[in-house]
Number of protein chains: 4
Amino acid sequence: MHDGDQGAEPVSRRKDARRNKANLLDAAAAVFVVQGVDAPVREIAARAGVGVGTIYRHFPTRADLIVAVYRHQVDACAEAGPRLLAEGPSPHTALERWIDLFVDFLVTKHGLAAVLQPDAGFDTLHAYFLDRLVPVCGQLLDAAAGAGEIRADIEPYALMRGVGNLCIGADSDPRYDARRLAALLVAGLRHAA
Amino acid sequence: MHDGDQGAEPVSRRKDARRNKANLLDAAAAVFVVQGVDAPVREIAARAGVGVGTIYRHFPTRADLIVAVYRHQVDACAEAGPRLLAEGPSPHTALERWIDLFVDFLVTKHGLAAVLQPDAGFDTLHAYFLDRLVPVCGQLLDAAAGAGEIRADIEPYALMRGVGNLCIGADSDPRYDARRLAALLVAGLRHAA
Amino acid sequence: MHDGDQGAEPVSRRKDARRNKANLLDAAAAVFVVQGVDAPVREIAARAGVGVGTIYRHFPTRADLIVAVYRHQVDACAEAGPRLLAEGPSPHTALERWIDLFVDFLVTKHGLAAVLQPDAGFDTLHAYFLDRLVPVCGQLLDAAAGAGEIRADIEPYALMRGVGNLCIGADSDPRYDARRLAALLVAGLRHAA
Amino acid sequence: MHDGDQGAEPVSRRKDARRNKANLLDAAAAVFVVQGVDAPVREIAARAGVGVGTIYRHFPTRADLIVAVYRHQVDACAEAGPRLLAEGPSPHTALERWIDLFVDFLVTKHGLAAVLQPDAGFDTLHAYFLDRLVPVCGQLLDAAAGAGEIRADIEPYALMRGVGNLCIGADSDPRYDARRLAALLVAGLRHAA
DNA sequence: CATGAATGAGAGTTCATTCAT
DNA sequence: GATGAATGAACTCTCATTCAT
């Protein structure tokens with residue numbers, strides 16, 4: 001879960017460095033849960049028992065850190081798309097389930113949804129989400145549209161952002177159930193009877 | 001708390017005080033349009049030609065100010081509910097139109113949607129929206145449900161927040177159409193075919 | 001000595017504010033003497049017994065602060081030019097004496113000379129010096145050239161910068177006498193025998 | 001102090017070590033040209049393809065590094081003194097030419113002049129310049145004074161520092177010609193007519 | 001010997017909020 | 001009542017220097 005290195009990046013030769021990176025990711029994850037992804041850099045550094053410089057070395061941008069922390073989960077979500085499609089019973093069902101997964105991910109990460117906005121200063125993060133998930137979402141939408149289950153005029157990007165938005169502030173408010181609303185949104189894609 | 005200029009507040013007997021308040025509201029509205037509702041207090045004070053202290057006197061909380069600025073529009077939105085219900089061909093249509101109104105309101109006010117969250121430190125604002133709009137929304141939902149057009153298991157509060165969330169960041173991103181997504185959400189309320 | 005307000009700026013109505021600005025200038029002057037004009041903002045604030053914000057309010061830029069602190073002395077130097085010209089036995093003598101004045105000013109202000117450079121991030125300061133002193137220097141040079149005492153091909157700006165440079169680090173080194181060197185520079189302007 | 005690679009230092013017996021050092025000097029020279037002699041250590045290390053630790057090993061102090069980089073040129077300058085004196089036509093002409101050489105050296109090395117100050121934290125550098133050049137300058141001054149061309153009361157150290165100062169910030173400002181001013185300074189040494 | 005990860009002091013800057021006048 | 005000066009916590013980011021590997 002915690003290497004966080006993208007692609008073929010040379011893994012550090014130093015044991016402590018590697019441990020540190022893992023440390024960092026753990027600490028950041030922990031702090032993010034409590035304080036949200038806007039938590040002060042120092043907080044995370046303190047929690048990880050490292051200096052702030054170390055964080056900046058590994059993750060020049062806050063977005064880089066967030067991406068690293070949640071990367072595996074985003075990837076898992078991306079990979080789930082084709083699988084759900086294969087499992088059936090229908091593309092629309094697959095879409096429903098996949099959106100559920102996405103919502104779960106966002107809601108359990110305190111404040112993550114809020115920084116998914118473009119121009120919120122988290123470009124790397126935004127880009128990563130888009131790169132990974134929009135194609136998958138598009139695939140699911142195409143399949144469902146191709147099967148005649150849903151209307152064909154919705155862009156995956158728009159849907160992702162809509163669902164993302166629905167997840168903002170979804171923790172900590174028992175009267176608000178983001179998963180439910182996301183499901184309604186997906187239901188709304190069906191052709192009118 | 002802090003009276004918030006809500007309900008039957010004794011209007012100031014002094015002319016200049018009233019003028020000042022109006023000034024303030026105009027200025028705030030103008031600044032909100034450009035900078036969003038998070039604009040620095042000083043900006044608004046400067047625009048109104050008053051000191052920051054004056055703002056704090058009239059509106060102890062930023063939420064109080066926002067409420068005051070948009071009160072008329074919220075009220076108009078609230079009042080539109082029954083009227084649309086009376087007019088429309090059907091309750092569901094009325095609901096669609098009303099949601100449209102609400103979305104328009106939120107989207108045209110830069111950043112307003114984002115501060116509708118509970119626990120965002122804008123409690124007065126949140127409370128006001130709830131007080132005014134949730135009952136109206138509930139009325140529309142009940143009517144539509146009573147007419148057998150939609151499912152009966154959605155709470156007005158949840159729907160309002162969902163729509164509100166969908167409007168976050170809706171300006172400034174041409175690929176994202178909040179009104180469209182809100183419409184899908186409402187469509188999703190219909191009974192499955 | 002210490003109002004530091006340029007032109008017809010409305011002097012603060014509040015007593016404490018005025019006192020504060022004076023305070024600030026005194027404190028800054030004191031700190032500048034010890035630490036040089038690059039002293040940390042916090043240092044100055046502490047010395048003045050105010051918060052850092054107060055400094056930023058009054059002097060958005062460090063250069064603004066420096067200008068304010070030394071303004072009277074620059075002005076005095078500027079005003080001395082014509083007077084010396086009127087007094088002196090000859091324009092060249094006036095020039096010598098004036099340069100002396102300038103050198104004294106720079107040398108007694110720890111580190112001031114160094115930030116006179118263009119592109120050192122002290123544009124306001126640089127501009128102020130130029131605006132005030134270059135014309136005066138030009139007047140003296142012209143007079144001396146007109147009297148046939150010196151060569152006519154030296155720009156006042158170049159001379160000012162040269163003298164300014166000569167003053168860098170002139171305090172704290174007993175083996176280096178900036179005044180002397182500046183005098184040599186001026187002597188070098190004379191026509192070769 | 002720290003040996004600084006000065007004088008008769010035992011040249012490393014190991015080929016790779018020597019190559020490394022040469023590497024370092026090349027890299028530092030290249031970086032100095034672009035970023036000036038205050039360039040971040042990391043920059044130089046990266047350019048040389050070594051770790052920062054290696055730099056610190058070879059050159060404990062930044063001044064040590066600068067000295068090493070420019071040593072040959074300083075030496076060349078030192079050696080030029082006697083030669084120019086021998087070439088004639090007069091000691092004062094030799095002095096002029098030699099100062100020209102020195103100015104050229106300083107000006108073409110971005111930011112070098114500024115760190116020549118004593119107490120700028122570049123003691124090694126300052127010492128090296130003094131050791132090498134002050135005697136040469138003294139020789140030229142003595143010769144010119146002996147020939148009755150110039151006044152006899154100027155210390156070589158003072159002259160060197162003056163010229164050095166004149167060179168500060170001389171690149172990047174077309175209105176300022178350090179060589180010219182240095183020439184004026186030297187001209188000023190002549191006996192008054 | 002070389003490496004480069006880690007450190008952490010330190011500087012700048014912003015703005016909500018208070019309170020003397 | 002109105003004003004706006006003052007406050008200072010809070011945050012980001014940089015880089016010289018050390019030292020484990």
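To find a chain, count down the sequence lines: A is the first, B the second, and so on, and within it residues start at 1. Only heavy atoms go into these numbers, but all of them, side chains included; no hydrogens, no water, no symmetry mates.
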Flag side-chain contact, heavy atom, 4.5 Å: [X] against [Y]:
{"X": "D/Q35", "Y": "D/E43", "answer": "yes"}
{"X": "A/K109", "Y": "A/F32", "answer": "no"}
{"X": "D/L112", "Y": "D/L125", "answer": "yes"}
{"X": "D/Q117", "Y": "D/F122", "answer": "no"}

Rounding to an integer number of Å, can you tell me how far [X] [atom1] sits from [N] [atom2]?
{"X": "C/K21", "N": "F/dA6", "atom1": "NZ", "atom2": "C1'", "value": "14 Å"}
{"X": "B/L24", "N": "F/dG1", "atom1": "CG", "atom2": "C1'", "value": "13 Å"}
{"X": "D/Q35", "N": "F/dT14", "atom1": "CD", "atom2": "C1'", "value": "14 Å"}
{"X": "D/I66", "N": "F/dA16", "atom1": "CD1", "atom2": "C1'", "value": "14 Å"}
{"X": "A/N23", "N": "E/dA5", "atom1": "CG", "atom2": "P", "value": "16 Å"}
{"X": "A/F59", "N": "E/dA6", "atom1": "CZ", "atom2": "C1'", "value": "14 Å"}
{"X": "D/R62", "N": "F/dT18", "atom1": "CZ", "atom2": "P", "value": "14 Å"}
{"X": "B/F122", "N": "E/dA16", "atom1": "CZ", "atom2": "C1'", "value": "12 Å"}

If you compare all heavy atoms of [X] against all heavy atoms of [Y], which two are closest, and at what distance to 0.1 Å?
{"X": "B/G164", "Y": "B/L106", "result": "CA-CD1, 3.7 Å"}
{"X": "C/A39", "Y": "C/I44", "result": "O-CD1, 4.3 Å"}
{"X": "A/R47", "Y": "A/A30", "result": "NH2-CB, 3.3 Å"}
{"X": "B/T124", "Y": "B/A63", "result": "CB-CB, 3.8 Å"}

Discussion item. If you only use heavy atoms from C-beta on, which nucleotide in E/dT14, F/dA6, F/dT12 is closest to the side chain of C/Y56?
Written reply: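 Comparing E/dT14, F/dA6, F/dT12 against the side chain of C/Y56, the answer is E/dT14.
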Paired with [N] by Watson-Crick or G-U wobble geometry, both distances under 3.5 Å: which nucleotide is it?
{"N": "F/dT21", "value": "E/dA2"}
{"N": "F/dT7", "value": "E/dA16"}
{"N": "E/dG10", "value": "F/dC13"}

- Query: Under 4.0 angstrom, heavy atoms only, what part of the nucleic acid is C/V41 near: base, sugar-phosphate, or nothing?
  - Reply: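 Result for C/V41 = sugar-phosphate.
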Check every strand shown and say whether C/V50 touches a base, only sugar-phosphate, or nothing at a heavy-atom separation below 4.0 Å.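 Touches sugar-phosphate only.
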For a quick test of reading the model: is some side-chain N or O of [X] closer than 4.0 Å to OP1 or OP2 of [N]?
{"X": "C/N20", "N": "F/dA6", "answer": "yes"}
{"X": "D/R57", "N": "E/dA2", "answer": "yes"}
{"X": "C/T54", "N": "F/dA5", "answer": "no"}
{"X": "D/H58", "N": "E/dC1", "answer": "no"}

| field | Positions of residues 26-33 of chain B (non-hydrogen atom under 4.0 Å from DNA chain F), listed by number | value |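 Nucleic-acid contacts, sorted: none.
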Query raised in the report: If you find the nucleotide of DNA chain E closest to C/D38 and the one closest to B/P40, which residue's nucleotide is nearer the 5' end?
Result: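 The residue whose closest nucleotide sits nearer the 5' end is C/D38.
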>> Is it the case that the base of E/dG10 and the side chain of A/R42 share a donor-acceptor contact (distance under 3.5 Å, atom types as modelled)?
In response: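 Side chain to base: pair found, below 3.5 Å.
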- Message: Let me spell it out: for each of B/G51 and C/I55, pick the nucleotide of DNA chain F with the closest heavy atom. Which residue's pick is nearer the 5' end?
- Response: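 Comparing both residues, the 5'-ward one is B/G51.
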